[in-house]
Protein chains: 2
Amino acid sequence: MRATVKDVARRAGVSPKTVSNVMNGIVPVSEPTRLRVEQAMQELDYVPNLSARGLRNGRSGVIGLALPNLGTPFSAELAQSVVEVAHAQGWSVQIEETGSDPQREQELMTRARANLIDGLILNPVVLDESAVRVGVALPPVVLLGEVSQELADRVFVDSFAAARDMTLALARPGRRRIAVLGINQGRKSATAIQRTQGYETALHSLGIPLDESLMIACDEWTPGSAAESVLRYLDTNPLPEALFCFTDSMALGALNALWRRGVRVPEDIAVAGFDDVADGRFAVPSLTTVSFDKRVIASEALRLLTERMADRSHGQRIVSVPYNIEERDSTR
Amino acid sequence: MRATVKDVARRAGVSPKTVSNVMNGIVPVSEPTRLRVEQAMQELDYVPNLSARGLRNGRSGVIGLALPNLGTPFSAELAQSVVEVAHAQGWSVQIEETGSDPQREQELMTRARANLIDGLILNPVVLDESAVRVGVALPPVVLLGEVSQELADRVFVDSFAAARDMTLALARPGRRRIAVLGINQGRKSATAIQRTQGYETALHSLGIPLDESLMIACDEWTPGSAAESVLRYLDTNPLPEALFCFTDSMALGALNALWRRGVRVPEDIAVAGFDDVADGRFAVPSLTTVSFDKRVIASEALRLLTERMADRSHGQRIVSVPYNIEERDSTR
DNA sequence: TTGAAAGCGATACCAT
DNA sequence: ATGGTATCGCTTTCAA
């Protein structure tokens, strides 16, 4: 059988309360008592039961991180940042995959309320507010990305401005036929909408008319899906002067597709991405991208979450994380 | 205040036990009673407290997944598989990063015993048995990779054989100066050792003498570290005919370094990796690699873990996951 | 500073 | 089929 506080207390000749005090180190305990208790814990190989503690305290020390697609390098880098920042603050992290499914997002909110996690960092995909509904008691939640709603705290990179700036950067050397890759056909993601609008705004300010044929659909936001889209596109369309992909993952797929067709980057076409993942920095050629600090996203999200847990009633907080255009070989 | 079973029971005019029966659906409940209970749950917006359930049942429904470096695409793909397989079986997944630190691995074992997770899937790095010690009560653990120890169950890809086969494949077109990238200088990882031995065995069977200068060190197993190693190597060494990188991530860094130096792949040098991550499939040129099914790793690990949880006493189980050499453009 | 006892919320045994 | 009740392990008033 496993040792409990009672066993430790008995062996140390003290009460359970004292054992608890030794563990939590808030209430002072006399030196000899502490030593006896600590020795008893050692001897019994005592490990506290976190379920019991969680039940008693109403907090489990675990937060949830829910992303649409866990398999991407971007998810890996973000999750790593969240885990590291969380760990430094004594939290554990449960990961979940929503598969871009609002229903699944909803489920996760409920699970958060089931007290196995104290709060949730959620990257929702669909713009509508289905997941974060008015009226239902919300657990502490921080949203990642540009979802327009007024109920939960939020950390985001300004996709609209970043996409606009990237488009302007691509146009600077006189390029006018700038294509974008990543428009979703079906359920439009909030991110895709914002980035598309940034792109359109930039073109407008440059006096370049919008050309529908330069807006390439790609539902999956994976390199495979992107490569396929680009190959199909090249079969029936003239080569654009630049290609702005809405994620680095898609950009890597695009680079591969262009290479297969014998199109040179950046001589024949400039290519840019978004997210600044490691594999993009070492792509052939290295990928120009919208860069931002994932660790800042993680630490801000955690900060908002802990603040929200401490005070459930204060107003909505929104944090914008700075970005910058990182020019690399794929555009020069 | 939040509703509990008691509240639901009172409102439905039944006992807490009946509410529990309705939730768990094992003990039969009469139709009218069930309906009353379900309605009461709805009205009170009842959500069960998983900490309480975990305390009572001794199981939390959460498993841990601990990887050395969460930021890599390989980690992302593996974690995705584990989360998806686990979710299909009703488990949640907590992720942890060990940072190749045996001490941290040790801590995680303890946390597993703290009952917030019912079992642990651990990818240890260092070959010695520090993390999995004799005598200490082990929680249910499944090890990932080739750690030689006899205490915990294990799922692995035969790194030795795969590295040998890849080396043979690289040598087939008559290449003899085959370099490897990924030897660790300091703490030698079990994986690195196995792959190095496979490489050496292949050379031996081909009658190619071992050339120390073809064994390139790279501590970090990231594209950045690999690119740096390769650039430095090229400064002072002649170009090998082939380069076998111990992970795809390193291979991507190597491709970038070679490209910067104007070395053509595969014309001037063949490059291969290990892991078959998505970004390798779409590298320029697409990357030859050792491929295996991460979903099989995930489902086998979960199977061993659940079997171990059901019966803590049976003998060690070891599962080998098949691999194959996936030849792509980087070697032909 | 330490002890005794109540209670967090869900479940299962033992009745009925 | 359903109800009453003890219990899981820990923390926390309240007393001493």
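Heavy-atom basis, side chains included; hydrogens, waters and symmetry copies ignored. All chains are named by letter (A, B, ...) in the order of the sequence lines, taking the proteins before the strands, and each is independently numbered beginning at 1. Quick caveat: nothing in here was measured; it's all calculated off a predicted structure.
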Exercise. Below 4.0 angstrom from OP1 or OP2 of C:dT2, is there any side-chain N or O of A:Thr33?
Worked result: yes
For this session: May I ask you to evaluate whether A:Arg53 reaches the phosphate of D:dT11, defined as a side-chain N or O under 4.0 Å from OP1 or OP2?
Result: yes
Problem set entry | With B:Gln42 via side chain to side chain contact (heavy atoms under 4.5 Å, CB included) - residues at least two apart | none
For this session: Check each of A:Gln316, A:Arg308, A:Arg317 against A:Asp153 using the side-chain hydrogen bond (donor to acceptor under 3.5 Å, both in side chains) test, and report the only one that passes.
Result: A:Arg308
Problem set entry | Distance test, side-chain N/O of A:Ser30 to OP1/OP2 of C:dT2, below 4.0 Å | yes
For this session: Measure the OG-NE2 distance between B:Ser92 and B:His87 for me, rounded to the nearest 0.5 Å.
Result: 7.5 Å
Problem set entry | 5' precedence on DNA chain D between A:Val19 and B:Arg34 (nearest-nucleotide basis) | B:Arg34
Exercise. Between the two ends of the helix from C:dT1-D:dA16 to C:dT16-D:dA1, what is the bend in degrees, rounded to 10 degrees, where each end axis spans five pairs?
Worked result: 30°
For this session: Give, for atom OG of A:Ser51 and atom CZ of B:Arg59, the distance between the pair rounded to the nearest 0.5 Å.
Result: 11.0 Å
For this session: State which residues pass side chain to side chain contact (heavy atoms under 4.5 Å, CB included) with B:Leu44; sequence neighbours excluded, sorted by chain then number.
Result: B:Ala3, B:Asp7, B:Val8, B:Arg11
Problem set entry | Distance in angstrom units between B:Arg59 CZ and D:dG9 P, rounded | 16 Å
Exercise. Around atom CD of A:Gln39, are there more than 12 heavy atoms of other residues, nucleotides or ligands at under 6.0 Å?
Worked result: no
Problem set entry | Check: A:Asn69 and A:Glu97 side chains under 4.5 Å, non-hydrogen atoms | yes
Exercise. Looking only at heavy atoms, what is the nearest atom pair of A:Pro124 and A:Glu105, with distance?
Worked result: CA-OE2, 3.4 Å
For this session: For residues A:Val155 and A:Ile121, determine if any side-chain heavy atom of one lies less than 4.5 Å from a side-chain heavy atom of the other.
Result: no
Protein and nucleotides 14-16 of chain D: nitrogen or oxygen contacts under 3.5 angstrom:
none

For this session: Please report, rounded to the nearest Å, how far the C1' atom of D:dG9 is from the CG atom of A:Asp7.
Result: 10 Å
For this session: Grab the two heavy atoms, one from B:Val141 and one from B:Ala152, that are nearest each other, plus how far apart they are.
Result: O-CB, 4.0 Å
Exercise. A:Met23 has an atom CE; how far is it from atom P of D:dC10, in whole Å?
Worked result: 6 Å
Exercise. Starting at CD of A:Glu31 and ending at P of C:dT2, how long is that distance when rounded to a whole Å?
Worked result: 11 Å
For this session: Output the single nucleotide from D:dT11, C:dT11, D:dG3 whose closest atom is nearest the side chain of A:Val5.
Result: D:dT11
Problem set entry | Side chain to side chain, B:Leu120 and B:Glu96, heavy atoms closer than 4.5 Å | no
For this session: Working to the nearest 0.5 Å, report the span between CG of A:Leu144 and CG of A:Leu122.
Result: 8.0 Å
Seminar exercise, completed: Between B:Ser60 and B:Ile117, the two heavy atoms sitting closest are OG-CA, 3.7 Å
Can you check nucleotides 6-8 of chain D for protein contacts, nitrogen or oxygen pairs under 3.5 Å, and list what you find?
{"unit_1": "D:dT7", "atom_1": "O2", "unit_2": "B:Arg56", "atom_2": "NH1", "d": "2.5"}

Problem set entry | Selection from C:dT1, D:dT11, C:dT11 that lies nearest to any side-chain heavy atom of B:Pro16 | C:dT11
Exercise. Among residues 35-42 of chain B, which residues get a heavy atom nearer than 4.0 Å to DNA chain D?
Worked result: none
Seminar exercise, completed: Between B:Pro68 and B:Asn123 the two heavy atoms that sit nearest each other are CD-O, 3.6 Å
Exercise. To the nearest Å, how far apart are B:Asn21 CG and D:dA1 P?
Worked result: 10 Å
